[in-house]
Colleague: 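A single structure is presented below for examination.
For this chain, numbers begin at 1 and follow the sequence in order.
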Amino acid sequence: MATALSPARLRPRDVLRVGGAGLRTRPLRAFLSALGIAIGIAAMTAVVGISSSSRAELDRELAALGTNLLTVGPGRTIFGEDAQLPTESVAMVSRIGPVNEVAATGKVPDTNVYRNDRIPEAETGGMTVQAAHLDLLGTVGATLAGGTWLNAATSRYPAAVLGAAAARRLGVGAAGADIQVYVGGVWFTVVGILDEVPLAPELDSATLVGWAAAETYLDFDGYPTTVYTRSDDAAVEAVRAVLAATANPEAPNEVEVSRPSDALEARRATDRAFTGLLLGLGAVALLVGGVGVANTMVISVLERRAEIGLRRSLGATRGQIRVQFLAESLLLSALGGAGGVVLGTAVTTVYASTRAWPSVVPAWAMAGGVGATLLIGAIAGLYPAIRAARLAPTEALATP
């Protein structure tokens with residue numbers, strides 16, 4: 001009794017070999033097809049990378065400005081009078097878990113600053129005198145235009161740091177041991193001058209002195225008038241919700257808390273805009289790549305009908321023909337996708353370096369580019385593979 005012969009099975013290695021045969025026999029067409037796919041994926045990767053690099057630079061700038069800065073100040077009592085923050089408010093606020101930095105200033109009442117002691121008292125120039133904590137500079141993101149900031153020694157003696165506007169109004173161009181201003185009847189040495197402070201503009205017109213020096217020389221009462229806090233971005237809203245009760249547990253209604261920085265809202269809006277942009281551009285690039293793969297594979301089937309007929313005549317099953325053309329489509333897509341990711345990453349790196357941005361290409365963009373290309377390649381190659389498998393051997397061999 002004759003035994004029916006079963007068709008040979010294709011091992012994974014054989015699938016790769018027969019799938020790559022079409023690419024090897026037509027290298028120019030395979031290169032051009034892969035190049036078309038690569039350009040689409042490179043465009044997607046480059047747009048994602050450049051957008052991510054731009055967003056990283058924006059985040060860095062916003063972080064430098066302080067998107068997580070909140071301020072606490074005294075409000076009004078129920079009788080309409082000015083309230084006061086407790087002297088312990090800074091220490092209590094610093095105990096909030098997500099809060100990373102805390103510093104305070106205290107306005108010295110009925111105290112003005114003058115360039116010398118001959119200027120009439122009424123000519124205050126709109127400037128204030130404030131006691132400052134030593135860590136105020138880092139907390140508000142301020143920088144020095146010249147001189148030095150207050151330290152543990154100078155904060156106890158008549159030393160002052162001028163805000164940018166205060167220095168201009170007083171006619172002080174530089175700090176130095178021989179530069180003094182007249183503060184509340186006491187000569188203070190100007191040890192530093194601040195640049196403008198974007199997040200705390202009230203400091204621009206202020207003369208800042210040490211907390212201990214203000215108490216000793218200017219009869220400062222020690223009550224803070226503004227408490228600056230920095231916290232984790234994700235916890236800003238939660239911190240804001242408890243700041244009033246923490247700063248003044250006995251009368252939280254007498255505390256004013258600023259809303260989150262506009263920069264934080266700008267970052268969130270930017271994230272939403274970039275997400276929509278990347279999804280749209282990615283979809284277009286993948287669609288273009290899919291059309292290219294499908295077009296290449298359909299033409300390949302039409303040109304290789306004789307090859308398909310010969311293979312069918314030699315015993316290849318329809319399933320093996322489908323696997324062959326599907327594997328060819330996947331290999332073509334993989335080559336184009338990998339090349340596109342490399343090209344897009346290179347474009348992103350070069351462009352970011354010319355703008356002094358951090359070069360950022362998300363891992364999901366690289367993996368997603370190759371993975372999505374394979375998926376599109378499988379879908380685009382499925383119809384040509386099925387069409388090739390349906391060809392009858394005699395019909396295929398009869399094709400000139």
Side-chain angles (χ1 to χ4, degrees), residues 64-66 69 71-74 82 84-85 87 90 103-228 258:
L65 286 177
L69 183 70
T71 60
V72 180
D82 291 335
Q84 283 185 325
L85 292 177
T87 56
V90 176
T105 59
K107 185 176 180 180
V108 183
D110 303 321
T111 303
N112 298 312
V113 56
Y114 305 95
R115 187 65 182 89
N116 56 57
D117 56 356
R118 294 188 175 92
I119 296 176
E121 294 184 3
E123 297 181 9
T124 63
M127 294 174 288
T128 61
V129 177
Q130 300 189 39
H133 282 176
L134 297 183
D135 45 4
L136 176 68
L137 199 69
T139 303
V140 300
T143 56
L144 285 164
T148 60
W149 178 244
L150 300 169
N151 56 42
T154 56
S155 65
R156 305 180 64 85
Y157 296 98
V161 174
L162 302 180
R168 288 194 301 269
R169 294 170 191 171
L170 291 170
V172 177
D178 56 341
I179 305 298
Q180 293 184 321
V181 290
Y182 198 59
V183 183
V186 179
W187 290 101
F188 275 68
T189 301
V190 177
V191 297
I193 298 175
L194 295 179
D195 288 315
E196 292 186 354
V197 186
L199 290 181
E202 63 275 8
L203 299 181
D204 293 340
S205 59
T207 297
L208 303 171
V209 301
W211 206 273
E215 293 177 332
T216 302
Y217 299 99
L218 304 176
D219 296 326
F220 175 51
D221 57 14
Y223 288 98
T225 52
T226 305
V227 178
Y228 300 92
S258 69

Colleague: Please list every donor-acceptor pair under 3.5 Å in which a side-chain atom of residues 146-154 meets a protein atom from a residue at least two apart or in another chain.
Modeller:
from	atom 1	to	atom 2	distance (Å)
Trp149	NE1	Leu134	O	2.7
Asn151	OD1	Ala153	N	2.9
Asn151	OD1	Thr154	N	2.8
Asn151	OD1	Thr154	OG1	3.1
Thr154	OG1	Asn151	N	2.9

Colleague: For Phe220 versus Lys107, what's the shortest heavy-atom pair and its separation?
Modeller: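 Closest approach of Phe220 to Lys107: CE1-O, 3.7 Å.
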
Colleague: Suppose we screen for side chain to side chain donor-acceptor pair (under 3.5 Å). Which residues come up paired with Thr111, at least two apart in sequence or across chains?
Modeller: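 Thr111 satisfies side chain to side chain donor-acceptor pair (under 3.5 Å) with no other residue.
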
Colleague: Please list, chain by chain and in numerical order, all residues satisfying side chain to side chain contact (heavy atoms under 4.5 Å, CB included) with Asn116, sequence neighbours excluded.
Modeller: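 If we apply the side chain to side chain contact (heavy atoms under 4.5 Å, CB included) test to Asn116, skipping adjacent residues, the hits are Arg118, Ile119, Trp187.
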
Colleague: Could you tell me which non-hydrogen atom of Gly210 sits nearest to which non-hydrogen atom of Ala131, and how far apart they are?
Modeller: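 Heavy-atom minimum between the residues: O-CB, 4.3 Å.
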
Colleague: So which heavy atom on Thr87 is nearest to which on Pro224, and how close?
Modeller: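 Looking at all heavy atoms of both residues, the shortest contact is CA-CD, 4.1 Å.
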
Colleague: Under a 4.5 Å cut-off applied to non-hydrogen side-chain atoms, are Val108 and Val183 in contact?
Modeller: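 They are not in side-chain contact.
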
Colleague: Indicate yes or no: at least one non-hydrogen side-chain atom of Leu208 is less than 4.5 angstrom from one of Leu194.
Modeller: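 Yes - at least one pair of side-chain heavy atoms lies under 4.5 Å apart.
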
Colleague: Not counting sequence neighbours, list each pair that qualifies as a salt bridge (charged side-chain N to carboxylate O under 4.0 Å, His left out) and has a residue in residues 197-220.
Modeller: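 For residues 197-220: none.
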
Colleague: Which residue pairs pass the side chain to side chain donor-acceptor pair (under 3.5 Å) test when at least one of the two sits in residues 133-147, sequence neighbours left out?
Modeller: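 Residue pairs passing side chain to side chain donor-acceptor pair (under 3.5 Å), neighbours aside: Thr143-Asp195.
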
Colleague: Output the distance between atom OG1 (Thr225) and atom CG (Asp82), rounded to the nearest 0.5 Å.
Modeller: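 Reported value, rounded in 0.5 Å steps: 11.0 Å.
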
Colleague: Kindly give the heavy-atom pair with the smallest separation between Ala214 and Val209, and that separation in Å.
Modeller: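 For Ala214 versus Val209, the nearest heavy atoms are CB-CG2, 3.8 Å.
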
Colleague: Measuring from Arg156:CZ to Trp211:CH2, what's the distance to the nearest 0.5 Å?
Modeller: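 Nearest 0.5 Å value for the CZ-CH2 distance: 14.5 Å.
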
Colleague: Could you work out, with side chain to side chain donor-acceptor pair (under 3.5 Å) as the rule, every residue matching Ser205, not counting sequence neighbours?
Modeller: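 Partners of Ser205 under the side chain to side chain donor-acceptor pair (under 3.5 Å) test: none.
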
Colleague: List in chain and number order the residues that pass side chain to side chain contact (heavy atoms under 4.5 Å, CB included) with Ile179, two or more places apart in sequence or in another chain; answer none if no residue qualifies.
Modeller: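 Ile179: side chain to side chain contact (heavy atoms under 4.5 Å, CB included) contacts with Arg115, Val172, Val190.
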
Colleague: Tell me the side chain to side chain donor-acceptor pair (under 3.5 Å) pairs involving residues 164-177, sequence neighbours left out?
Modeller: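 Side chain to side chain donor-acceptor pair (under 3.5 Å) check on residues 164-177 returns no pairs.
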
Colleague: Of all residues at least two apart in sequence or in a different chain, which pass the side chain to side chain contact (heavy atoms under 4.5 Å, CB included) check with Tyr157?
Modeller: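 So Tyr157 forms a side chain to side chain contact (heavy atoms under 4.5 Å, CB included) with Tyr217.
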
Colleague: Of all residues at least two apart in sequence or in a different chain, which pass the side chain to side chain donor-acceptor pair (under 3.5 Å) check with Thr207?
Modeller: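 Counting only residues at least two positions away or on another chain, Thr207 forms no side chain to side chain donor-acceptor pair (under 3.5 Å).
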
Colleague: Testing the basics here: between Ala103 and Leu136, what is the closest heavy-atom pair and its distance to 0.1 Å?
Modeller: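 Taking every non-hydrogen atom into account, CB-CA, 3.6 Å.
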
Colleague: Check side chain to side chain contact (heavy atoms under 4.5 Å, CB included) between Glu121 and all other residues, then give those that pass, not counting sequence neighbours.
Modeller: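 Side chain to side chain contact (heavy atoms under 4.5 Å, CB included) check on Glu121 returns Tyr114.
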
Colleague: Run the salt bridge (Lys or Arg N to Asp or Glu O under 4.0 Å) test against Asp178 and tell me which residues pass, sequence neighbours left out.
Modeller: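 In terms of salt bridge (Lys or Arg N to Asp or Glu O under 4.0 Å), with neighbours along the sequence ignored, Asp178 is linked to no residue.
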
Colleague: If you compare all heavy atoms of Met127 against all heavy atoms of Asn112, which two are closest, and at what distance to 0.1 Å?
Modeller: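 Minimum heavy-atom contact is O-OD1, 4.3 Å.
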
Colleague: Can you tell me how far the CZ atom of Phe188 sits from the CG atom of Leu162, to the nearest 0.5 Å?
Modeller: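 Output value for this atom pair is 11.5 Å.
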
